[in-house]
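Report on the structure given below.
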Amino acid sequence: EFEADAVVIATGSRWRRDGIGATVRYPVPIENNSNTLTPDDVFAGVEIRDEVLIYDDEHYMMAGALAEKFLLAGCRVKYLTPATTISSWTAMTDEQAFIQTRLISLGIEAVFTQQITRVAQGILTTSCIYSGQTSEHETDNLLLVTGRKPDDELYRELSIDAVRIGDCLVPSSIADAVYSGHRFAREYGENPARLVTKRERATIQTNLTQIRPGTIS
């Protein structure tokens, strides 16, 4: 109806409920009657009281931020992750030490090098990523912070050509989503030939006749 020249879909993503994350590549058995939640449920207003078990296989800021939220609300929080530190990827943004220090000061219980294998009857089963030894963790509220899937139903329903950007194309960080939108706006309508990244290529000339046997040039 708008007769637009282009349609851009930026409908975001949703958190996975099947255990797939940075470490786990295939869905794990999760019973339908298990009280398994994702950050989407927290944002939608689901109330969590008393205790919560957070399983983090995303490793960025989300699990740590939600852990702090529940600790400040008076909940007992147990944090499990296949990594060796809390919110391990935030080491790339110089935040990891601050996050772990903060959560320890609030009384978090952290268990490391544990990978999800099954969820059934209020029990999360994990295995050590090094030894393979299994462990069981009882919980009334299991919060999975793992991977995300593009929310691309609208894109697939359209009968016209459209472009996906941001998390609707590839779920990533907020910075990447912002850049994706900015890049599309900047490059829209440009000649593709002008968008080729230009690089300087160094030319190294070597006189092979000067290399003696047994030496490295």
Side-chain angles (χ1 to χ4, degrees), residues 12-44 46-71 73 75-93 95-97 99-100 102-104 106-152 167 170-173 176:
S13 60
R14 297 175 184 174
W15 290 89
R16 303 188 70 107
R17 298 178 182 272
D18 55 8
I20 293 179
T23 304
V24 176
R25 301 297 184 179
Y26 300 96
V28 300
I30 299 178
E31 289 189 352
N32 292 330
N33 61 352
S34 60
N35 192 17
T36 303
L37 307 170
T38 73
D40 289 328
D41 297 310
V42 178
F43 304 149
V46 171
E47 189 172 0
I48 297 178
R49 296 181 179 179
D50 299 329
E51 60 88 20
V52 58
L53 174 60
I54 298 177
Y55 174 76
D56 180 15
D57 196 17
E58 191 238 5
H59 310 296
Y60 195 29
M61 54 81 190
M62 183 59 68
L66 291 177
E68 181 172 0
K69 166 185 168 61
F70 293 123
L71 285 166
C75 296
R76 298 187 304 275
V77 178
K78 185 175 182 179
Y79 172 97
L80 277 80
T81 180
T84 56
T85 58
I86 295 174
S87 299
S88 61
W89 199 89
T90 59
M92 303 295 183
T93 54
E95 299 170 289
Q96 195 283 322
I99 293 172
Q100 186 152 336
R102 170 68 169 168
L103 294 179
I104 290 175
L106 292 175
I108 196 170
E109 178 185 354
V111 182
F112 304 109
T113 71
Q114 294 297 309
Q115 175 177 299
I116 185 173
T117 58
R118 180 180 178 85
V119 180
Q121 300 177 346
I123 296 177
L124 166 65
T125 303
T126 61
S127 63
C128 175
I129 62 172
Y130 295 110
S131 67
Q133 181 177 351
T134 61
S135 303
E136 293 186 346
H137 315 270
E138 294 186 9
T139 180
D140 293 329
N141 301 292
L142 172 60
L143 180 58
L144 296 179
V145 185
T146 53
R148 286 175 288 154
K149 295 190 296 184
D151 190 357
D152 58 1
D167 284 358
V170 179
S172 188
S173 68
D176 288 323

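For the pair Gln115 and Val24, the minimum side-chain heavy-atom distance is below 4.5 Å. Thr125 is listed as a side-chain neighbour of Glu136, based on a closest heavy-atom distance under 4.5 Å. Looking at Glu31 and Gln121, their side chains come closer than 4.5 Å, going by heavy atoms from C-beta outward. Residues Asp18 and Tyr26 fail the side-chain proximity criterion, which asks for heavy atoms closer than 4.5 Å. At a threshold of 4.5 Å between non-hydrogen side-chain atoms, the residues Thr113 and Thr84 count as touching. Contact of the Thr90 side chain with the Met92 side chain is not registered, since no non-hydrogen atoms from C-beta on lie closer than 4.5 Å. Residues Lys78 and His137 have side chains in contact (heavy-atom distance under 4.5 Å, counting atoms from C-beta outward). Residues Lys69 and Val42 have side chains in contact (heavy-atom distance under 4.5 Å, counting atoms from C-beta outward).
When Asp50, Thr36, Asp41, Asn35 are each tested for a side-chain hydrogen bond (donor to acceptor under 3.5 Å, both in side chains) with Asn141, only one passes: Asn35.
For the atom pair Ser173 OG and Glu58 CD, the distance stands at 9.5 Å (nearest 0.5 Å). The line from CG of Leu124 to CD of Glu138 is 11.0 Å long, rounded to the nearest 0.5 Å. Leu80 CG to Leu142 CG: the interatomic distance, rounded to the nearest 0.5 Å, is 9.0 Å. Note: Leu66 CG to Thr38 OG1 = 9.5 Å, rounded to the nearest 0.5 Å.
In terms of modelled atom types and a separation under 3.5 Å, the side chain of Thr146 and the main chain of Gly19 share no donor-acceptor contact. The backbone N or O of Tyr60 lies less than 3.5 Å from a partner atom in the side chain of Ser87, making a donor-acceptor pair. Using modelled atom types, no side-chain atom of Glu68 and backbone atom of Leu103 make a donor-acceptor pair closer than 3.5 Å. Between the side chain of Glu51 and the backbone N or O of Asp140, at least one donor-acceptor pair lies under 3.5 Å. Between the Asp57 side chain and the Thr23 main chain, a donor and an acceptor come within less than 3.5 Å of each other.
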Before giving the answer on side-chain contact (heavy atoms from CB on, under 4.5 Å), spell out for Val111 and Tyr79 the whole-Å C-alpha distance, their side-chain angles and the decisive distance to 0.1 Å. CA-CA 6 Å; Val111 182; Tyr79 172 97; over 6 Å; no
Go through it in stages, so that I can follow the logic: the residues are Leu37 and Leu143, the test is side-chain contact (heavy atoms from CB on, under 4.5 Å), and I'd like the CA-CA distance, side-chain angles, deciding distance and then a yes or no. CA-CA 5 Å; Leu37 307 170; Leu143 180 58; 4.1 Å; yes
Run the side-chain contact (heavy atoms from CB on, under 4.5 Å) check on Gln114 and Cys128 step by step: do they pass? CA-CA 5 Å; Gln114 294 297 309; Cys128 175; 3.9 Å; yes
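Looking at residues two or more places apart in sequence or on another chain, you find a salt bridge (charged side-chain N to carboxylate O under 4.0 Å, His left out) between Asp167 and Arg148. Contacts of Glu47 classified as salt bridge (charged side-chain N to carboxylate O under 4.0 Å, His left out), with partners at least two apart in sequence or in another chain: Arg49. Take Val170 and apply the side chain to side chain contact (heavy atoms under 4.5 Å, CB included) test, not counting sequence neighbours, and it matches no residue.
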